[in-house]
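Notes follow the structure.
Keep in mind the model is a prediction, meaning the values are calculated, not measured. Numbering of ligands and ligand atoms starts at 1, following listing order.
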Amino acid sequence: MGAKILDGKALSRQMRSELANEVESFTQSHGFAPKLVIFRAGDDPASVWYAKSIMKTAAKVGIEAVEDLHPESASQGELVQAVADLSADDAVHGIILQEPFPEGVSGAALVAALDPSKDVDGVHPVNAGRLLRNEPGFVPATPLGGLKLLERNDIPIKGARAVVVGRSDIVGKPMALLLLHRHATVTICHSRTKDLAWETRHADILVAAVGRARMITGDMIKPGAVVIDFGTNYEGDKLVGDVDFDSAQEVAGFITPVPGGTGPMTTVMLLWNVLSAAKAAVGG
Ligand code: NDP
């Protein structure tokens, strides 16, 4: 018997429709829609594609999403000023800073100019600190989507042994903290972990956030474990996860497929964050 699929496509559709209802009632009460600005400098194709896909989904749920575009040649000073201007604009509720930034421009300087109350991507150190302390703030959308897949499928987290492979600031670390705050016993693995397979084999909940195609194989998974795969890797035209799906699904109890698992959840969670920012801006 194979693992049950944690279907991110279906859950993202459902959460999109719940969001659309909430946005509609916000807009009716306040006379304006929540507004997201996607800040971008240059024409990186992946960044252009991601911005378009956010705007498409935003339109479906009634959130206004626009781009704030700057030339690749813009200086750090100009870009910092532009972020500060957006931060000061009362009509803007959420801002995301699309990477990559032009050469020589410090991402940290741009993030520092961002008002934490509009940081719907959860990249500002203030929001990272709030997550660390389990205080209300913005959490990066990708790990938030992974958490929703667990919660909405009634997967117990409290007391579970969770192993997160990957320690980036936008996926691995926040996912580890989200699980910790829900009372999992959490281990974080990375490129210097001595015996990765030993660690992963002890996981009730195994999270992969590495960026290496199929590196976690079935023999590294505890029978019945829940596997959350954030990996997005291309093998030619084919999108594959960090988990080797075919061998993993024979052992695991639950698993997110790639595509169709964590991926579809990200944009909808980001847009939920935009609604939260808009609600906070109007005082609740
Ligand atoms: P990063 O490259 O920032 O981090 C990768 C992490 O994996 C690092 O902590 C690194 O360790 C660790 N790592 C690398 N090699 C190994 C190894 N051999 N064994 C154990 N750990 C290793 O990646 P991101 O966190 O940004 O992204 C992770 C994956 O998630 C990628 O596939 C990315 O495309 C995907 N992603 C998916 C999203 C979605 O919507 N589903 C959104 C964002 C990202 P160390 O710290 O020691 O270098």
- May I ask you to check whether over 12 heavy atoms, not counting those of Glu103, lie within 6.0 Å of atom CD?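 It does not: Glu103 CD has 12 such atoms or fewer within range.
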- Mark yes when over 12 heavy atoms from residues, nucleotides or ligands other than Arg182 sit less than 6.0 Å from its CZ; otherwise mark no.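 Correct, the count exceeds 12.
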Please write down residue, atom name and distance for the protein heavy atom closest to [atom].
| atom | value |
| --- | --- |
| atom 9 (O) of ligand 1 | Arg167 N, 2.8 Å |
| atom 27 (O) of ligand 1 | Val171 CG2, 4.2 Å |
| atom 21 (N) of ligand 1 | His190 C, 3.1 Å |
| atom 1 (P) of ligand 1 | Ser168 CB, 4.1 Å |
| atom 30 (O) of ligand 1 | Phe230 O, 3.2 Å |
| atom 38 (C) of ligand 1 | Thr142 CG2, 3.6 Å |
| atom 47 (O) of ligand 1 | Ser191 OG, 2.5 Å |
| atom 2 (O) of ligand 1 | Val210 O, 4.2 Å |

- Message: Would the distance check show the side chain of Thr256 and the main-chain N or O of Asp229 forming a donor-acceptor pair, the cut-off being under 3.5 Å?
- Response: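 Checking the backbone N and O of Asp229 against the side chain of Thr256, a donor-acceptor pair under 3.5 Å is found.
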- Is a side-chain N or O of His93 found less than 3.5 angstrom from the main chain of Lys35, in a donor-acceptor match?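 Present.
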- Judged by modelled atom types alone, do Thr187 and Glu199 share a side-chain donor-acceptor pair under 3.5 Å?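 Glu199 and Thr187 do not have a side-chain donor-acceptor pair below 3.5 Å.
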- Message: Between Thr217 and Ser247, do the side chains contain a donor N or O and an acceptor N or O under 3.5 Å apart?
- Response: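 Side chains of Ser247 and Thr217: no pair found under 3.5 Å.
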- Touching ligand 1 at all, Met215? Heavy atoms, strictly under 4.0 Å?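 Checking ligand 1 against Met215, which is what was asked, there is a heavy-atom contact under 4.0 Å.
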- Item | Within-shell test, Cys189 vs ligand 1, heavy atom, strictly < 4.0 Å |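 So Cys189 does not count as touching ligand 1.
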Short list, please: which atoms of ligand 1 are under 4.0 Å from a heavy atom of [X]?
| X | answer |
| --- | --- |
| Thr262 | 41 (N) |
| Gly211 | 29 (C), 31 (C), 32 (O) |
| Gly231 | 32 (O) |
| Gly166 | 6 (C), 7 (O), 9 (O) |

- Looking at Asp246, Asp242, Asp244, which one forms a salt bridge (charged side-chain N to carboxylate O under 4.0 Å, His left out) with Arg214?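 Passing option: Asp244.
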- Query: Are His70 and Phe39 close enough that their ring centers fall under 6.0 Å?
  - Reply: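 That pair passes the under 6.0 Å test.
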- Message: Please tell me whether Met265 and Val139 are part of a single hydrophobic cluster in this structure, the criterion being side-chain heavy atoms less than 4.5 Å apart.
- Response: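 Hydrophobic grouping puts Met265 with Val139.
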- Heavy-atom nearest option to atom 33 (C) of ligand 1, drawn from Thr193, Asp169, Ile188, Thr232: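 Comparing heavy atoms across Thr193, Asp169, Ile188, Thr232, the nearest one to atom 33 (C) of ligand 1 lies in Thr232.
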- Item | Lys/Arg N to Asp/Glu carboxylate O, Glu235 vs Lys238, below 4.0 Å |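 Looking at Lys238 together with Glu235, the answer is no, because their closest N to O distance does not fall below 4.0 Å.
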